[in-house]
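Remember, it's a predicted structure, so these values are computed and weren't measured experimentally.
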Amino acid sequence: MDSGDVIPCLNEDWTFGGCKAMEWMAGLTMALMVGSAMHKPANAMPMLVLMMIGTTLSLATLRKKFPDEERGVRNLCMVTCGFEPIGIPAPSRLQPLWSGAPLRQLNNRCLYSQLELDQVIFRDRSADRER
């Protein structure tokens, strides 16, 4: 549209009851799995329907907790399994020791000290003021 008009909801996914199609498929799969494990699934049909809707709504609620939706759920699952999520720094659960305190002195064996880069960065400021 060259006039600059924006089509509302153009990039939004299809939802039914606030749940995406994949969440409905997961709820249906859950109901089928539990129903196949029962001796007489026809007698427990109300329970299976409630299980399907409950699974679907719980997945949608979990997805909506994160601002980036599916990526947030993926990152949560990866951290729970002990893997670092892709594309972000390690979360605090996987890397518990963080330090915001500056180092007073570096080890002389490190490459940074061997190249004397600290002399370049932390030079005397009085020479700059004289200019």
Side-chain angles (χ1 to χ4, degrees):
M1 303 193 59
D2 294 324
S3 65
D5 292 336
V6 177
I7 301 172
C9 303
L10 181 64
N11 291 330
E12 289 189 16
D13 292 332
W14 177 86
T15 60
F16 180 71
C19 305
K20 293 185 177 182
M22 196 61 153
E23 294 158 353
W24 281 106
M25 286 190 282
L28 179 65
T29 304
M30 183 68 153
L32 290 173
M33 285 174 41
V34 172
S36 66
M38 292 183 170
H39 181 63
K40 293 183 181 180
N43 294 340
M45 192 56 66
M47 184 182 76
L48 292 176
V49 170
L50 287 176
M51 183 176 297
M52 178 181 129
I53 294 173
T55 301
T56 303
L57 291 176
S58 63
L59 287 174
T61 303
L62 179 66
R63 175 182 51 86
K64 291 176 185 177
K65 278 183 158 181
F66 299 98
D68 55 354
E69 297 192 347
E70 284 90 1
R71 190 176 298 162
V73 175
R74 180 201 67 187
N75 292 344
L76 175 70
C77 292
M78 287 183 75
V79 168
T80 303
C81 292
F83 301 115
E84 284 189 28
I86 301 166
I88 63 171
S92 61
R93 265 195 247 166
L94 298 179
Q95 186 176 347
L97 299 176
W98 292 82
S99 176
L103 291 175
R104 300 291 178 218
Q105 188 175 11
L106 290 173
N107 188 352
N108 289 334
R109 292 177 289 155
C110 73
L111 186 61
Y112 185 81
S113 295
Q114 289 175 359
L115 295 175
E116 296 180 355
L117 293 175
D118 54 340
Q119 300 300 322
V120 174
I121 294 174
F122 300 113
R123 63 180 183 205
D124 188 17
R125 299 286 180 189
S126 61
D128 291 338
R129 291 185 196 133
E130 292 174 4
R131 291 184 199 177

Over all heavy atoms of both residues, which pair between [X] and [Y] is shortest? Give the atoms and the distance, please.
X: Trp24; Y: Phe16; result: NE1-O, 2.9 Å
X: Val79; Y: Pro91; result: CG2-CG, 3.5 Å
X: Cys19; Y: Ala60; result: SG-CB, 3.5 Å
X: Gly17; Y: Leu57; result: O-CD2, 4.4 Å
X: Ala26; Y: Leu59; result: CB-CD1, 3.5 Å
X: Leu94; Y: Pro85; result: CD1-CD, 4.4 Å

Checklist entry - Are any non-hydrogen side-chain atoms of Arg93 and Thr80 less than 4.5 angstrom apart? => result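 A side-chain contact exists here, since the closest heavy-atom pair is under 4.5 Å.
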Item to check | Pairwise side-chain contact, Met38 with Asn43, heavy-atom cut-off 4.5 Å (strictly under) | outcome: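 No, their side chains stay 4.5 Å or more apart.
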Next on the checklist: Would you say Ile86 ends up clustered with Ile88 if hydrophobic residues are merged whenever their side chains have heavy atoms under 4.5 Å apart, either directly or through other cluster members?
Outcome noted: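 Result: no, two separate clusters.
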Atom pair [atom1] ([X]) and [atom2] ([Y]), whose distance is rounded to the nearest 0.5 Å:
X: Met25; Y: Leu32; atom1: CE; atom2: CG; value: 13.0 Å
X: Ile53; Y: Leu28; atom1: CD1; atom2: CG; value: 11.5 Å
X: Leu50; Y: Met47; atom1: CG; atom2: CE; value: 9.0 Å

Are more than 12 heavy atoms, taken from residues, nucleotides or ligands other than [X], located less than 6.0 Å from that residue's [atom1] atom?
X: Phe66; atom1: CZ; result: yes
X: Met30; atom1: CE; result: no
X: Arg71; atom1: CZ; result: no

Item to check | From CA spacing to verdict: side-chain contact (heavy atoms from CB on, under 4.5 Å), Arg63, Glu70 | outcome: CA-CA 6 Å; Arg63 175 182 51 86; Glu70 284 90 1; 3.6 Å; yes
Item to check | Leu76 and Lys65: CA distance, side-chain angles, deciding distance, side-chain contact (heavy atoms from CB on, under 4.5 Å) verdict | outcome: CA-CA 11 Å; Leu76 175 70; Lys65 278 183 158 181; over 6 Å; no
Checklist entry - What do the steps show when you test Glu23 against Thr15 for side-chain contact (heavy atoms from CB on, under 4.5 Å), and what is the final call? => result CA-CA 10 Å; Glu23 294 158 353; Thr15 60; over 6 Å; no
Item to check | side-chain contact (heavy atoms from CB on, under 4.5 Å) between Val73 and Glu69, intermediate numbers included | outcome: CA-CA 7 Å; Val73 175; Glu69 297 192 347; over 6 Å; no
